[in-house]
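Working notes, beginning with the structure itself.
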Amino acid sequence: MQKISRRKFVAGTALAALAAPAILSRPANAAEFTYKFANNTPPDHPLNVRAREAAAKILEETGGRLEIALYPSNQLGSDTNTLSQVRAGAVELFSLSAIILSTLIPDTAITGVGFAFKSYDQVWAGVDGPLGAFVRKRIESTGLVVFDNLWDIGYRQITTGAKPIHDPGDLEHLRIRVPPGPLWTSIFQSLGAAPSTLNFNELYTALQTKVFDAQENPLSIIETVKLYEVQKYVSMTNHMWDGLWLLANKDAWNALPANIREIAARHLNAAAKSERDDIRHLNESLEAGLTAHGLVFNRPDAAPFQEVLRKAGFYRDWKGKFGADAWGLLEQAAGAQLA
């Protein structure tokens, strides 16, 4: 499997055509099924790179019967809007943050509980094991089809313009942009910050004009949208891990013959596994590139942040919302008692 290097990632992103979907060349006869795959990542983010590869294999193995067209960068609407389109059948496939999905299905946020996973080994043991199975059942109960493997977005880090985050006190009253989802708001309010939601495509300007002091995202996103131009510090808090569930409209999925469903699921699940490796290797190299762009890195100790969250009742409250059984699956994956 060919790895995606930082150089390829950055160069590809710069050259990508944001305005047009990635529709693969087709056989002389039009495909019997043409499905839209929407997502919020840039065109040459590893998710789209691996999804294009999977789409090509699906097109070939189905004899041209199923064509998947990629629509990156929220081209079809905001995350919450596109989720509504998937449920209505206007979009067939959509990859969505587990935490944003919690606006519809609250239990999906459990994989993003603050400071729960200390390593990727714990992450994948959880989401590929009993914890992930629990979440998939919750998603399926809403009538959506959910694929087996999560795609990785990565551990989230805090960027700031004025000063780095060394301890929880540095977050006091900090105006920080967070995506939609009650878990994001809850964790930063519990840490003393002043979080607000904002559409991602407005983030750069909001930081540039000082509407917000800070934001939080994985390193790959920080580089892709050039947040180094409007931020100075990256505090490697690893405060949340986030992954993307690949969802399908149930009627559209069931309209495919069984053999085509098997081919599509097999290649898309394999693509998710490859994308996980890509993100891990990218994160190992992106720090050097971002440092070259002028960002200053620091690595706070997680323990004081966790202690503030405990005292604020963050873990207790979310355990109550998720329920003891689900919380037990989380603690089993995390290898620690959180509440």
Side-chain angles (χ1 to χ4, degrees), residues 1-18 22 39-54 70 72-73 95 97-98 111-112 115 117-125 127-128 149-161 164-166 179 200 203-204 207 214-244 270-302:
M1 179 184 67
Q2 184 180 10
K3 294 184 176 67
I4 299 175
S5 67
R6 176 185 171 272
R7 181 174 295 178
K8 283 184 179 180
F9 174 58
V10 176
T13 300
L15 294 173
L18 293 173
N39 64 80
N40 66 2
T41 59
D44 277 295
H45 186 278
L47 181 146
N48 283 301
V49 173
R50 296 303 182 181
R52 280 194 293 271
E53 293 174 354
L70 300 184
S73 302
S95 57
S97 158
T111 54
F115 300 98
F117 297 119
K118 296 179 177 60
S119 69
Y120 267 115
D121 288 342
Q122 292 183 345
V123 168
W124 302 133
V127 302
D128 292 337
N149 295 336
L150 269 85
W151 303 62
D152 189 18
I153 282 293
Y155 281 99
R156 304 181 76 89
Q157 320 299 348
I158 299 173
T159 70
T160 51
I165 305 301
H166 292 292
F200 182 73
L203 175 58
Y204 183 99
L207 292 170
Q215 67 86 49
E216 50 84 65
N217 260 302
L219 295 184
S220 60
I221 301 298
I222 292 168
E223 170 136 26
T224 301
V225 296
K226 300 183 179 181
L227 293 185
Y228 50 79
E229 296 178 344
V230 290
Q231 297 278 266
K232 179 63 178 176
Y233 301 99
V234 181
S235 298
M236 298 288 285
T237 49
N238 289 332
H239 54 277
M240 301 168 80
W241 174 83
D242 195 13
L244 300 167
K273 288 289 187 74
S274 297
E275 184 264 0
R276 294 177 183 183
D277 289 335
D278 296 335
I279 292 293
R280 189 166 192 169
H281 289 293
L282 267 178
N283 284 338
E284 292 170 357
S285 60
L286 281 173
E287 182 173 343
L290 289 168
T291 299
H293 282 303
L295 286 176
V296 178
F297 282 74
N298 72 296
R299 285 175 164 75
D301 180 7

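This chain uses plain numbering: 1 for the first residue, then up along the sequence.
Contact detail for E216 and P179: the closest heavy-atom pair is OE2-CD, 3.3 Å. Here the shortest heavy-atom pairing between Y120 and I279 reads OH-CG2, 4.0 Å. In plain terms, the two heavy atoms of T237 and H239 that are nearest each other are OG1-ND1, 2.7 Å. H45 approaches S220 most closely through the heavy-atom pair NE2-OG, 3.7 Å.
Under 3.5 Å, the side chains of N217 and Q157 contain no donor-acceptor pair of N or O atoms. Side-chain atoms of S119 and D121 include no donor-acceptor pair closer than 3.5 Å. Using modelled atom types and a 3.5 Å distance limit, the side chains of N283 and Y155 yield no donor-acceptor pair.
Taking the side chain as every heavy atom from C-beta outward, D128 and V123 never approach each other to under 4.5 Å. No side-chain heavy atom of W151 sits under 4.5 Å from any side-chain heavy atom of R276. The closest side-chain heavy-atom distance from L295 to Y233 is not below 4.5 Å. Using a 4.5 Å cut-off on side-chain heavy atoms (C-beta onward), Y204 and V225 make no contact. For the pair I165/T160, a side-chain contact is recorded, criterion being any heavy-atom separation below 4.5 Å from C-beta on.
R52 has a carboxylate O that lies under 4.0 Å from a charged side-chain N of D44, or vice versa, which qualifies the two as a salt bridge.
To the nearest 0.5 Å, atom CG of residue L47 and atom OG of residue S274 are 11.5 Å apart. To the nearest 0.5 Å, atom CZ of residue R280 and atom OG of residue S285 are 13.5 Å apart. The line from CG of L286 to CD1 of I222 is 9.0 Å long, rounded to the nearest 0.5 Å.
Between Q215 and the choices I221, T159, I158, V230, the side-chain contact (heavy atoms from CB on, under 4.5 Å) rule is met once, by T159.
Formation of a donor-acceptor pair under 3.5 Å by the N48 side chain with backbone atoms of P42 is found in this model. Under the 3.5 Å distance criterion, the side-chain polar atoms of D152 are left unmatched by any main-chain donor or acceptor of E275. With Q122 contributing its side chain and K118 its backbone, the two residues share a donor-acceptor pair below 3.5 Å. When atom types are taken as modelled, the side chain of R50 and the backbone of K273 share no donor-acceptor pair closer than 3.5 angstrom.
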Does S73 form a side chain to side chain contact (heavy atoms under 4.5 Å, CB included) with T41? I'd like the steps, not just the answer. CA-CA 5 Å; S73 302; T41 59; over 6 Å; no

Using side chain to side chain contact (heavy atoms under 4.5 Å, CB included), reason through L203 and L227 one step at a time and then give a plain yes or no. CA-CA 9 Å; L203 175 58; L227 293 185; 4.2 Å; yes

Using side chain to side chain contact (heavy atoms under 4.5 Å, CB included), reason through L290 and L219 one step at a time and then give a plain yes or no. CA-CA 9 Å; L290 289 168; L219 295 184; 4.0 Å; yes

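Pairs passing the salt bridge (charged side-chain N to carboxylate O under 4.0 Å, His left out) check and including a residue from residues 228-243, sequence neighbours excluded, read R156-D242. Each salt bridge (charged side-chain N to carboxylate O under 4.0 Å, His left out) pair with one or both residues in residues 291-302, not counting sequence neighbours, appears once here: E287-R299.
Relative ring orientation between W241 and W124 is described as perpendicular, the plane-to-plane angle rising above 60° on a 0-90° scale split at 30° and 60°.
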